[in-house]
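Just so it is clear, the model here is predicted, and its values are computed rather than measured. Whatever order the structure lists ligands and atoms in, that order sets their numbers, starting from 1.
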Amino acid sequence: MPEGDTIHLAANRIRAVLAGRVPQEILTPQPRHSMDGWPQALAGRAVRSVDAHGKHLFVRFERDLTLHSHLRMTGSWGVHRSGERWRRAPRRAWIVLRCGEWEVVEFDGPVLELMSEQRTRSHPQLAALGQDVLGEAFDTGLFLRRLRADDQSRPVGDALLNQQTLAGIGHLWKAETCFAAGVDPWRALGDVGDDEALALLAFAREHMRRCVRDGHTARPREVYGRAGRPCPRCAATIRRRGQGENNRATFWCAGCQR
Ligand SMILES: [Zn+2]
């Protein structure tokens with residue numbers, strides 16, 4: 001599932017092959033973008049930088065054009081050597097950037113848009129984003145102020161998914177972070193102390209940064225996707241129930257998460 005660590009990993013791989021270079025070919029096979037003229041608009045422009053903020057990825061071209069993507073549940077970025085078989089069918093590619101011996105491909109959208117640099121700052125969803133959980137610099141005071149500005153009756157697990165409080169956490173990291181801190185994801189946010197909130201943040205930052213360095217195999221899998229199995233800490237049965245507006249499954253141990 002694409003969460004902040006996935007997007008930063010993708011940004012690092014894309015940056016390594018595109019930054020400072022002019023793609024020799026750009027294709028937009030997806031019918032939704034076939035008439036947008038992106039290949040013409042981007043022709044001859046070098047990629048200035050590639051970066052991520054939370055689950056958003058930006059490929060910034062020179063002369064003020066930026067490609068913004070959000071993968072939601074379905075999308076994926078791939079970096080392949082020319083001629084290498086892609087991990088998804090070619091018809092699922094939304095954009096292909098060919099550069100030297102590399103092909104950078106975005107599959108299955110669902111959010112892909114070309115915008116000016118100014119628009120990346122004024123875009124309502126992007127402007128409202130909280131600090132990146134993976135950010136080099138991090139203001140814990142600002143994080144706590146945003147957390148307390150949220151509905152305090154909301155379950156803390158659900159609050160961790162609010163991208164305006166903290167950008168980058170998805171369902172896996174929510175479940176694993178609450179487990180690691182011994183916090184029940186159903187506890188009301190107002191009943192979670194600042195010290196506990198900072199412990200949740202510290203775990204997510206440390207372990208997500210490790211995954212960006214070492215890859216997805218470094219992801220903790222103590223409770224996520226393990227409903228019905230024994231808790232690795234107290235041996236009680238791991239539970240699963242839909243939480244939040246999308247009713248997506250959360251996983252927790254009622255034995256040791258309070
Ligand atoms: Zn337990």
Qualifying ring pair (Phe, Tyr, Trp, His ring centres under 6.0 Å) pairs with a residue from residues 232-258, counting only residues at least two apart or across chains: Trp186-Trp252, Tyr224-Phe251
Distance criterion under 2.8 Å: protein N/O/S atoms around the Zn ion (ligand 1): 4
Among Leu201, Asn162, Leu200, Leu161, the one residue meeting side-chain contact (heavy atoms from CB on, under 4.5 Å) with Ile169: Leu161
Donor on one side chain, acceptor on other, His216 and Thr6, under 3.5 Å: yes
Cationic N near anionic O, under 4.0 Å, Lys174 to Asp158: no
Within the 6.0 Å centroid threshold, strictly below: Trp102 and His80: no
Arg121 atom CZ: more than 12 heavy-atom contacts under 6.0 Å: yes
